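Below, read A as the first sequence line, B as the second, and so on, with proteins coming before strands; counting in each chain starts at 1. Quick caveat: nothing in here was measured; it's all calculated off a predicted structure.
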There are 2 protein chains.
Amino acid sequence: MRVTIRDVARRAEVSVATVSRALGSPDRVSEATRDRVLAVVQELGYRPSPAARSLITGKTGAIAIVVPDLGNPFFTGLLKSVQARARETGHAVLVGDSDEDPATEQELVRTLAKQADGLLLCSPGIDDATITDLAGLTPLALLNRRVAGIGATVMDSAGGMREIVAHLAALGHRRCAYLNGPASSWSNHERLRGLRPAAAHHGLEIVELGPFAPRYEDGAPAADQALAAGVTAVLAYNDVMALGALARLRERGVDVPGELSVTGFDDLVYAAVSAPPLTTVAMPLAEAGRHAVDLVLAHASADPAGRLVTELPTRLVVRATTARVPGGLG
Amino acid sequence: MRVTIRDVARRAEVSVATVSRALGSPDRVSEATRDRVLAVVQELGYRPSPAARSLITGKTGAIAIVVPDLGNPFFTGLLKSVQARARETGHAVLVGDSDEDPATEQELVRTLAKQADGLLLCSPGIDDATITDLAGLTPLALLNRRVAGIGATVMDSAGGMREIVAHLAALGHRRCAYLNGPASSWSNHERLRGLRPAAAHHGLEIVELGPFAPRYEDGAPAADQALAAGVTAVLAYNDVMALGALARLRERGVDVPGELSVTGFDDLVYAAVSAPPLTTVAMPLAEAGRHAVDLVLAHASADPAGRLVTELPTRLVVRATTARVPGGLG
DNA sequence: GTGAAAGCGCTAACAG
DNA sequence: CTGTTAGCGCTTTCAC
């Protein structure tokens, strides 16, 4: 706004074109000129206007990410790594929080699409058709979701679920409850896709409860229902829900894992401080964020991005909320 | 990029100016014309280019926030409420994570300043002079920090600390450790500003340890030092650190609060699920975020913003990590 | 290697 | 109430 390219040009006694080149393609300017221009740039503290530049190049120098809940450490973990990678590539990051509302989510995408060179979408909520539609607006990369023809970075939920089931089965559990996340959530489907066959395979009966919102507060009613279902283990959709359930169980005097085993999903840092520390599945957040940024940027520059969808591995982390089934053979 | 204002103008058989007005100042266009234009806008899916608009108006329609660590729920809690408020006012939000590094922080501010109408800075790290300098670049609002002449929203750390001290003193503690946050952190100073006089007043001896980085992992060495210091209570700089310390203490078989009391600061959601649930001080994050956005926006539109700095109250939340001093009179 | 000039898409006077 | 016109700050042909 204050110091423009003309100020620099005048002071360096060159044309604005030369200033522009000195900054953008240093090798198309003589060394002497470049040094002089750069010195003036430094002296005046000149920074090109992103808006003006954007108007011409069509690039904004930003990427956007929209998530369902910034209160969930899973998404902020992703955001942190996205921000870091974006910075490395010289991009700013715009963030939108839809508060789990599909309509808001869509509006956010439509708005941010114009303000960013690419958009990362963590959207359990929107339907496939709409996503395909949205993908026409701007380079789009999905996180933890697959939609035909759209680039995505996913983490292996089904595999993680299989590990949980095997773990529980090995501990002698035969009747467990699964606390569903949002019904429309892709991640929830994936959990089920891993859970059901694995349970059948191990002869585990699964009582499905919910759906519940993936919020800490919703862990309480979920825990109550699980208790009423007469199971020996509870598999929660994610850590946040498991943590909420744990708090409720303690409130009701239920011994975890003595009377009831509990598992989460995500391995938030705080899973380690719960009482007791939570058995859960670790998600490769840092890698996923980095990967998704590269994916959307490649797409934005029409690079042949390589694989359209990449699946990153997950890993069971056994802590202290799972134990042998009560009254079992020990 | 694709459908421009001219396309709309042509299709609606009006001039581009009319389209612009129909969108921006609906009351300066006849109802009939407006409806026709709006219909075409709808039909074509036209959205004004933020870059072009920005170039003229000088407004970007975004506000930026830079924080030291997106992995800390304290900052993401703030971010969530900032995002919500920004959306209400029609602004996008840019986020920068400095990873606790002052140099990165400053670079982030300088970059984002050009891309936003205002900037919220959570900067424990940068020195006052630099902040004053930065404030010349763009409307700036500080969060949890006071610098002369600059708008700020702060939460009453000192007051919270006083409450903790009074609580601990009432439980019979006489020798406590304080785990310092970053030495240069304004919040840490504020904690001390509340702590020292209150401790003196209550006849409490304080062993100051650290500084430590306000990260979960740094809770472990902090806990070890506190243990070596032979105190009966440990006051951590914040919850994240307290949670890390708690994990370490459990690892070492120390009974909290039987042998040692522990307090945090911030009241993150996860403070309630720790083992045991953490006694801490609740910070008015939601209100602070909202307030800061309004402050910076008022500043950006040269409104007489009212109070330059607003202090929001904090509140002690007693949970289960504090108890009577061991061997006390019970 | 450098300069002049033409816009990028839009808003804001200024006329009518 | 509506149209014409002049840029916002910059990059990018196109000449020289």
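Counting distance only, with no hydrogens placed and no angle test, the side-chain atoms of Arg21(B) and the base atoms of dG3(D) include a donor-acceptor pair under 3.5 Å. Between the side chain of Arg34(A) and the base of dG1(C) there is no donor-acceptor pair of N/O atoms closer than 3.5 Å.
Rounded to an integer number of Å, the gap from CZ of Arg6(A) to P of dG3(C) is 14 Å. When rounded to the nearest whole Å, the span between NZ of Lys59(B) and P of dG9(C) equals 24 Å. Taking atom CG on Asp35(B) and atom P on dT2(D), their separation rounds to 11 Å, with Å as the unit. Taking atom CZ of residue Arg36(B) and atom P of nucleotide dT2(D), one finds them 8 Å apart after rounding to whole Å. For the pair Arg28(A) CZ and dT2(C) P, the computed distance is 11 Å after rounding to whole Å. As rounded to whole Å, 12 Å separates atom P of dT2(D) from atom CG of Asp27(B). The interatomic distance linking Ile56(A) (CD1) with dG9(C) (P) rounds to 11 Å, in whole Å. Between the P atom of dT11(C) and the CG atom of Leu55(B) lies a distance of 11 Å, rounded to the nearest Å.
Side-chain proximity of Thr18(A) to dA13(C), dA12(C), dT2(C): nearest is dT2(C). Relative to the side chain of Thr33(A), the nucleotides dC1(D), dT2(C), dA5(C) differ in distance, and dT2(C) lies closest. Residue Ala52(B) places its side chain closer to dG9(C) than to any other of dT2(D), dA4(C), dG9(C). The side chain of Val29(B) lies closest to dT2(D), out of dT2(D), dC10(D), dT13(D). With dT11(C), dG1(C), dT12(D) as the choices, the nucleotide that has an atom nearest any side-chain atom of Ala17(A) turns out to be dT12(D). Set against dC10(C), dC10(D), dG9(C), the side chain of Ile5(A) has dC10(D) as its closest nucleotide. Set against dC10(C), dA12(C), dG3(C), the side chain of Thr57(B) has dA12(C) as its closest nucleotide. For Arg53(A), taking side-chain heavy atoms from C-beta onward, the closest of the listed nucleotides dT2(C), dC10(D), dC8(C) is dC10(D).
In summary, Arg145(B) and Asp128(B) engage in a salt bridge, as defined by a charged side-chain N under 4.0 Å from a carboxylate O. We find that Asp133(B) and Arg110(B) are joined by a salt bridge, their nearest charged nitrogen and carboxylate oxygen being less than 4.0 Å apart. Salt bridge absent: Arg87(B) and Asp99(A) never bring a charged side-chain N and a carboxylate O closer than 4.0 Å.
Taking 4.5 Å as the limit, some side-chain heavy atom of Leu79(A) sits within range of a side-chain heavy atom of Ile65(A).
Ser15(B) has a side-chain polar atom (N or O) that falls below the 4.0 Å cut-off from OP1 or OP2 of dG3(D). Considering only side-chain N and O atoms, Ser30(B) lies under 4.0 angstrom from the phosphate OP1 or OP2 of dT2(D).
Counted by atom type alone, Thr104(A) and Asp101(A) present one or more donor-acceptor pairs between their side chains at under 3.5 Å.
Gln83(B) contributes atom CD, which lies 6.0 Å from atom CG of Leu108(A) (distance to the nearest 0.5 angstrom).
Among the heavy atoms of the strands, none lies under 4.0 Å from Val19(A). Contact annotation for Ser20(A): base contact, defined as any heavy-atom pair under 4.0 Å involving a base atom.
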